[in-house]
Number of protein chains: 2
Amino acid sequence: MTLACSPSQHAVDVKALLHQSPLFAGLDDAVLDEMLSHFRRETWKQGRQVTGQESGQRFHIILSGRLKMAQINPETGRMVTLFLLQPGDGFDVISLLDGQPDPLIFEARDDLLMLSTPMQEARHWIEQHPAFNRSFLPYLGKQMRTLANLAGDLALHDTETRLARLILRHVDDEQKSGPLRLTHNLSHEALAEMIGSVRVVVNRQLQHWQREGVVVTRRGELIIKELEAMLKKAMHFPKHTSHQ
Amino acid sequence: MTLACSPSQHAVDVKALLHQSPLFAGLDDAVLDEMLSHFRRETWKQGRQVTGQESGQRFHIILSGRLKMAQINPETGRMVTLFLLQPGDGFDVISLLDGQPDPLIFEARDDLLMLSTPMQEARHWIEQHPAFNRSFLPYLGKQMRTLANLAGDLALHDTETRLARLILRHVDDEQKSGPLRLTHNLSHEALAEMIGSVRVVVNRQLQHWQREGVVVTRRGELIIKELEAMLKKAMHFPKHTSHQ
DNA sequence: GTTTTTCTGCTACCAGGGTTACACAGAACG
DNA sequence: CGTTCTGTGTAACCCTGGTAGCAGAAAAAC
C-alpha cells in the first residue's frame with residue numbers, strides 16, 4: 001500500500017480494486033458480485049470527521065482516498081493516528097468484530113470514495129462465507145501487528161527513531177530504488193500524529209536532518225539523499241514490521 | 001479476568017475452564033472434546049522466556065498462570081508488556097492469524113499450565129468449525145481494543161494517568177466494593193513495563209499517592225483508600241476500555 | 001539459620017521533547 | 001488579484017520522566 005492518494009474518479013473499477021485489496025483478493029468474481037450487491041457507495045469530503053459512535057452502524061471499504069483512524073485526548077486536544085487506512089482497507093474492523101462502538105475519531109485525509117453496508121449485514125455475510133476468512137484473518141493479523149508495533153515504538157523509542165521509521169516504512173512501498181522522492185501529502189502536523197508527537201518536534205527533526213544533508217523536505221514531499229544514514233537512525237528496525 | 005494467579009494444580013478441570021474462557025464459551029461439549037483431542041498439555045516454569053520465533057510453531061491456550069507478551073528494545077534493554085495473558089487466553093494469536101513469526105518475547109509470570117497444538121492444526125480446526133468464529137472474532141476485537149488503548153495512552157497521557165488506569169482496570173475485575181485490596185503479585189518493574197515506563201517512576205508515583213493517603217502499597221498488593229481520588233487521576237477514562 | 005538474590009525506597013542529575021508564541025510562505029478562495 | 005487560511009521555520013522556556021547509583025527489606029535458596 002502506498003501513502004500517495006489515488007485520484008477519486010467516480011468511474012473507479014471497483015472489482016479490479018477489490019481484487020488487489022488484501023481483504024478480497026482471494027474471492028472469485030461471483031462471490032464478489034454477490035457481496036457488492038449488499039453495499040452502496042458513499043463519499044466523504046476531505047476533512048470530514050466522524051466519531052466511532054456515529055459511523056459505528058455501518059462497515060466501510062475504502063475505494064479511494066485515505067482515512068485517519070485516531071484517538072484523542074480531550075483534555076489537551078492532542079491526537080494519535082492509529083491507522084492511516086488506504087484503498088482496500090475496511091473500517092471499523094474492531095466494531096465489526098465485537099459489536100462495540102469505538103471511542104475513536106475517523107477523519108478523511110483526502111476525498112473518500114467507499115462502499116458501505118450495515119454492520120449487521122457485514123457480520124452475517126462473513127458468517128455465510130467462510131472462504132472469506134482466508135484473507136480476512138491474515139488481514140486482522142496485519143492490523144494487530146501494526147498496532148503492536150506502534151505501541152512498542154511509543155514506549156521504547158525516541159521521536160527521531162519513530163519519525164525515521166515512519167518515513168522508511170513508506171520507502172518500502174514506493175519505488176525501491178531511484179532518487180527516493182516520497183510524496184506523502186501529509187503536513188508535519190499529520191506526521192506528528194502518526195508518531196505520537198507534535199508538529200514542532202517533527203519540524204525540528206526534519207530541519208536537523210536537512211542540515212545534515214540526509215533529506216530534503218518540501219510541502220507534502222520528502223527526498224531521501226542518504227538512505228544509509230536514514231536506516232541507521234531507524235536502527236533496530238523490527239524484522240517483521242507491518243508494511244501497511 | 002483477574003490479575004490474581006490461579007493455583008496451577010495439575011488436576012484442573014479443563015473443560016470447565018474452557019467453558020468460562022471468552023474463546024470457547026459458546027462451544028458445546030462434543031466439539032470441545034473433539035478439539036481437545038488435538039491438544040497436548042504443556043507446562044512452563046515461572047520466569048521462562050521464549051521468543052516468538054521459537055514458540056511460533058505451536059498455538060497455546062493458557063489454563064493457569066499468567067503470560068507476559070512483550071516487546072523489547074535491544075539497545076536499552078527496556079521492555080513494554082503488550083498483554084498480560086490470563087487463563088482462557090490463547091497465544092500467539094497474531095501468528096495464528098497471518099502465519100508470520102512475531103518479534104515478541106513471551107515470559108511466564110507464574111508457573112504456566114497450557115494446552116498446545118501445531119499452528120497449522122489450529123488454523124485447520126478453525127476453518128472446519130465456523131461456529132468458533134462466534135467467539136473468536138469478538139475475542140480478536142477485544143485484543144485489538146486493548147492494543148489500541150495502550151498505544152493511545154502511551155501517546156496521549158502521562159505516567160501518573162497511565163498507572164492510575166492500569167490499577168483501576170483491575171478494580172473492575174476484582175471485587176467491586178469493599179476495602180479494594182488488589183493482590184496483583186507484580187513487582188514495580190512489572191507494573192512499569194505495563195505502562196511503558198520504568199521502575200523508579202512507578203515507585204515514585206506510588207509513594208506519592210501513599211503520602212497523599214490515596215493508596216497503601218505492599219509487596220505485590222495495593223489497597224485503594226480513596227477510590228474517588230484515583231478515578232480523578234485516571235480522568236477521561238475511555239468509555240469502552242478493554243476489561244480484560 | 002545463614003547466605004544470596006530479588007525487590008523496594010530514595011536521591012541527584014539532566015535531557016528529550018512538549019508548550020507557547022510569532023513571522024513568513026504558499027495555497028485556497030472569493 | 002487581493003484576502004484569508006493553512007502550513008512552515010525558529011526561538012525561549014522548562015518540566016516530566018528517564019538514567020545511575022546505593023542501602024536496606026523481604027524472599028528465596030541453601
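Distance CG (B:Leu206) to P (C:dC7): 16 Å, rounded to an integer number of Å. For the pair B:Glu189 CD and C:dT5 P, the computed distance is 18 Å after rounding to whole Å. One can place NE2 of B:His208 at 14 Å from P of C:dT11, the figure rounded to the nearest angstrom. Distance A:Arg219 CZ to C:dG26 P: 8 Å, rounded to the nearest Å. For the pair A:Arg199 CZ and C:dG17 C1', the interatomic distance rounds to 14 Å; values are reported in whole Å. We find that CG of A:Leu163 is positioned 11 Å from P of C:dG17, with the value rounded to whole Å. As a whole-Å value, the separation of B:Arg109 CZ from C:dC7 P is 9 Å. In this structure, NZ of A:Lys233 is placed 14 Å from P of C:dG16, rounded to the nearest angstrom.
Taking the six-membered ring for Trp and thresholds of 30 and 60 degrees, A:Trp44 and A:Phe91 have ring planes more than 60 degrees apart, a perpendicular arrangement.
By the 4.5 Å heavy-atom criterion applied to side chains, A:Lys225 and A:Val214 are not counted as neighbours. Side-chain contact between A:Leu112 and A:Thr43 is absent, with no heavy atoms from C-beta onward closer than 4.5 Å.
No hydrogens or angles were tested; on distance alone, a donor-acceptor pair under 3.5 Å links the side chain of A:Arg204 to the base of C:dG18.
For CD of B:Glu212, the number of neighbouring non-hydrogen atoms (other residues, nucleotides, ligands) closer than 6.0 Å is greater than 12.
Not one side-chain nitrogen or oxygen of B:Gln207 sits closer than 4.0 Å to the OP1 or OP2 atom of C:dT8. One finds no side-chain N or O of B:Asn203 lying less than 4.0 angstrom from the OP1 or OP2 phosphate oxygen of C:dT8.
For DNA chain D, the contact window with chain B, defined by any atom under 4.0 Å from a protein heavy atom, covers D:dG17 to D:dA27 in 5' to 3' order.
Side-chain contact of A:Thr146 with A:Asn149: a donor-acceptor pair under 3.5 Å is absent, judged by distance alone.
Across all strands shown, A:Arg218 has no heavy atoms under 4.0 Å from either base or sugar-phosphate atoms. Using a 4.0 Å heavy-atom cutoff across all strands shown, B:Asp158 reaches sugar-phosphate atoms only and no base atom.
Checked against C:dG9, C:dC7, C:dT19, the side chain of B:Thr217 finds its nearest nucleotide in C:dG9.
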*Report the C-alpha distance between A:Arg199 and A:Glu189 in whole Å, list the side-chain angles of each, state the deciding distance to 0.1 Å, and finish with yes or no for salt bridge (charged side-chain N to carboxylate O under 4.0 Å, His left out).*
CA-CA 5 Å; A:Arg199 205 209 98 220; A:Glu189 182 78 46; 5.6 Å; no
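With respect to A:Ile195, the side chain to side chain contact (heavy atoms under 4.5 Å, CB included) criterion is satisfied by exactly one of A:Val80, A:Leu166, A:Thr161, A:Leu154: A:Leu166.
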